[in-house]
Amino acid sequence: MALQRVNFSSPFFLFVAALVFFLLLILGLQHLGIYNPLNLYLGEKTLIVYRGAAIDNNMPIIYPTLPFLITILCYSPIVAQIMSTALCISILSVFLKRANLSPLLFWSCITTLFFSPCFVFLGSVHYCLYLYYFLLTISFYYISRYMSQDDTMSLLLCGLINGFLVLCDLTTLAYGVLIIFALYLHIKKLGYKLFSSWIMSLFLIVIFFLFAVMNCYIYTEQISRLFNNVYLKTSRTLYSEAQIFTAGSNFWYTLWFVIKYLMLASPIFLPFWIGLYCMIRQKKSVGQILIYLFPILFIIVAVSMRWHNFTIQLPALALLFFMVILGNIKLTALLQKVMAGSLCISLCYGFFFHSSPGNPLLVQLKEMYGVLRTSAPIDEQKAIANYILAMKPGRILCNDDVNYGIIYFTQDPARFLLPNEFEFPSAISNPQLFTPYLLWTKNTNDDFLSQWLQYKMPENYKVISDYEHYSIYGLEDN
Amino acid sequence: MRTIPLFILVLSFWNGLLNGYQKPLTDTNFTLTLADHKKNIVFDLYEIQGVPDDLELTLMLEKEANRSAIVTVTCNEQFLGTMLLNSIKKIFSIPREILFNEGNVISISLGATLANGQDGLPDGFAISFNASQSFFTWYKYALPLRNITQFLMISGGRIGLFADDINSSFVKTFSQLWEQINSNAKNLQTLPIESYSKAIWNEFDYIVLITNKTQLYKNLPINLSKGSFKFENPITKRILFDSKTTSLPYWLWQLDRNRKKPILAIHSSNPEADFPVTETTLNNLKRQAASVAVTLVETGTTSYETNKQLVVTYDDTITFKGVWYKYRLYFMAILTLFFIIIIYHIAVNLKGAKGNV
């Protein structure tokens, strides 16, 4: 009976299970023609690192840096995606195990992590955001732990993780103030006993950011690459078709929108509210309760700043906070049953009922996949990649800000002359000296190369292959 | 603390104190109706005579319409904003990143708000815009310019051309070519190089130097007083251009990167040689993407991005940039090690550390 020997709740087993689950999910989606543009983008950059023509020293600065470094280690973007997701789940299971939960509550948490639509969305599409939420939760866990146990090692870890968060998402900088405020409340109570260590932890947060950004600046002298990035553009504009938010810049209107959202989606947030009730009941400090309320503040700020145009991922942060906070509160048997029940309600509500303004989570998930299917002409890009592989040898002038999919499908980045090469400005000023072929995007708004060439197409080139969205030009001699 | 409101007050009026520029949007009033609901207005940057740093578009109605109709404004298909027609005036700001050198399209289109629906507007509904009160405004120009093409295409106003020999064939060819690219270049003022100095900057908006006097090149990307030069790609070690091995005549174009005055300096290796004048040359000049370019008779003009990317090396001289490109990996490794040591030091010396994370 080999099955009896397997410990199903061990982190390793959960890691393997998550690997298999998300691999099958992603392969199924790709079979339906749903490709994640962020995966294609990071995969293309990884290909350039391994097999590019002129290996650019600036490559590690591609943003988001942390997911990109994972992709470099794993070589394939899909492997990187499932690895990071599975790692998040198995580390979370370690946190859950430490809290001495009953099997019922433990498994309902794990089920939520696997099957809740918001986590499915994050794991299968937006794994950068998953990593971000995970690190965010862990860092807040360590602050909370520092407050309850005066363990300054936790403070140090919090500072380090905050430094890594900046490499995941620049929005981290917006709420660093909250951490400082909560710590201030706590330290005021302690009477400045630990003032020096507090300063040190802040110093770490700042130094990590400075180190990351200054490193970019010194090493590459191209800071614009960090801030003018496909990832940031994609995460803002890609899903605008599935737009749900209509909140404006008015703060009170935003607040009213968030309150309405929280009320309509309250069954999904039910475990979170029960956790809050327990914290107040057990008389935790004000700073700790403030930290636990962080997801609500995050939702308000995210809505008013329009960080994302969609709501599907928002419950995930609150649920992660709930799961991690379980270790900090005393749990009776009844409470555990209530929490397990609330998690089940949250899961079911996400699947079947109208939760947020507009649609249930499952419908939103389908909508997101629909957007991914229609956003890029994947079939055409594959056809062009095959055509390029069958062409005569010669380099192709191309802008990979928009055409990264084509380069990924050819698996041969050395064929292309790309903007990261130092000869690119020379090549677009006098193409025939550098490349016999041009890849031209017909939607000139996205592609600055096409904007550059559209009125001044070099005379010696003619169309050799024409598609709906792209065309390939070649020198007349060839 | 009391000075802060005063400071904000002064800041908010500062733009008003500066002298602004204005350009009318159209010559005559125009009307949008339900049948003809879209108006496209095309403008080039040479009409503005530079790249405006803070371009704003003011739209003014003849009279307000008491309807829930809405006007959407885009520039180069980028959304600028909407205007409800119960207010008579609205100002849109246009970011300079979305402006092209030529062929910018402002598109104004009429629609209805969702609450009312398209059917809510009556058939004869029309709104007209007041041409005399609808205009572009801007306060200052963005400098330095991005590339040579931008200089050639947008320059206007008072243009001064300083040359070693005013009557040389290259000066004539160049001014003819420039006129074909940019019609503002017709009224340029040609002066001998002896009259050029920094004091004369205020008298001109754009300055062109056609000279072989090497002392004028001291603050430019390529300092000709250091002798012959070459462009090298530091990653592939490929030499893209070497002035020493080039026997044919070449023309070197450079854009001064100072933030006060746009200056284009042209040096020719052989002042008597004829500059190639064909349609290809003209198109080539419209395509220069960097601030340094070299024209050869056979292959045409090619840009070289020396600002941050390519390395310029002179005759037997050691430059800081060259050394930096050679040893920067070791430098960064040492810096990283240094930071790791600091962080380790802090971690070890934190008091009250308990371990067991």
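Values below: all heavy atoms of this structure, side chains included; hydrogens, waters and symmetry mates excluded. Sequence lines set the chain letters: A, B, ... in the order given, protein chains first and strands last, and positions in each chain run from 1. Fair warning: this is a prediction, and the values are worked out from it, not measured in the lab.
Between atom CG of residue B/L310 and atom OG of residue A/S426 there is a gap of 5.5 Å, rounded to the nearest 0.5 Å. With rounding to the nearest 0.5 angstrom, the OG1 atom of B/T236 is 8.0 Å from the CD atom of A/E421. In this structure, OG in B/S303 is found 8.5 Å from CG in A/N430, a value given to the nearest 0.5 Å.
Heavy-atom distances place both the backbone and the side chain of B/T302 under 4.5 Å from chain A. In this structure, chain B has no heavy atom under 4.5 Å from any part of A/F424. Heavy-atom distances place no part of B/N101 under 4.5 Å from chain A, backbone and side chain included. Looking at A/I428, both its backbone and its side chain come within 4.5 Å of chain B, counting heavy atoms on both sides.
The shortest side-chain heavy-atom distance between A/P425 and B/Y304 does not fall under the 4.5 Å cut-off. In this structure, the side chains of A/W452 and B/R287 come closer than 4.5 Å at one or more pairs of heavy atoms. Counting heavy atoms from C-beta outward, A/E459 and B/E279 have side chains that stay 4.5 Å or more apart.
In the displayed structure, B/F79 atom CZ is contacted under 6.0 Å by more than 12 heavy atoms of other residues, nucleotides or ligands. No more than 12 heavy-atom neighbours from other residues, nucleotides or ligands sit within 6.0 angstrom of NZ on B/K230. Atom NZ of A/K97 has more than 12 neighbouring heavy atoms from other residues, nucleotides or ligands inside a 6.0 Å radius.
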Residue pair B/R238, A/E423: steps toward the side-chain contact (heavy atoms from CB on, under 4.5 Å) verdict: CA-CA 10 Å; B/R238 182 178 163 198; A/E423 292 168 26; 2.9 Å; yes
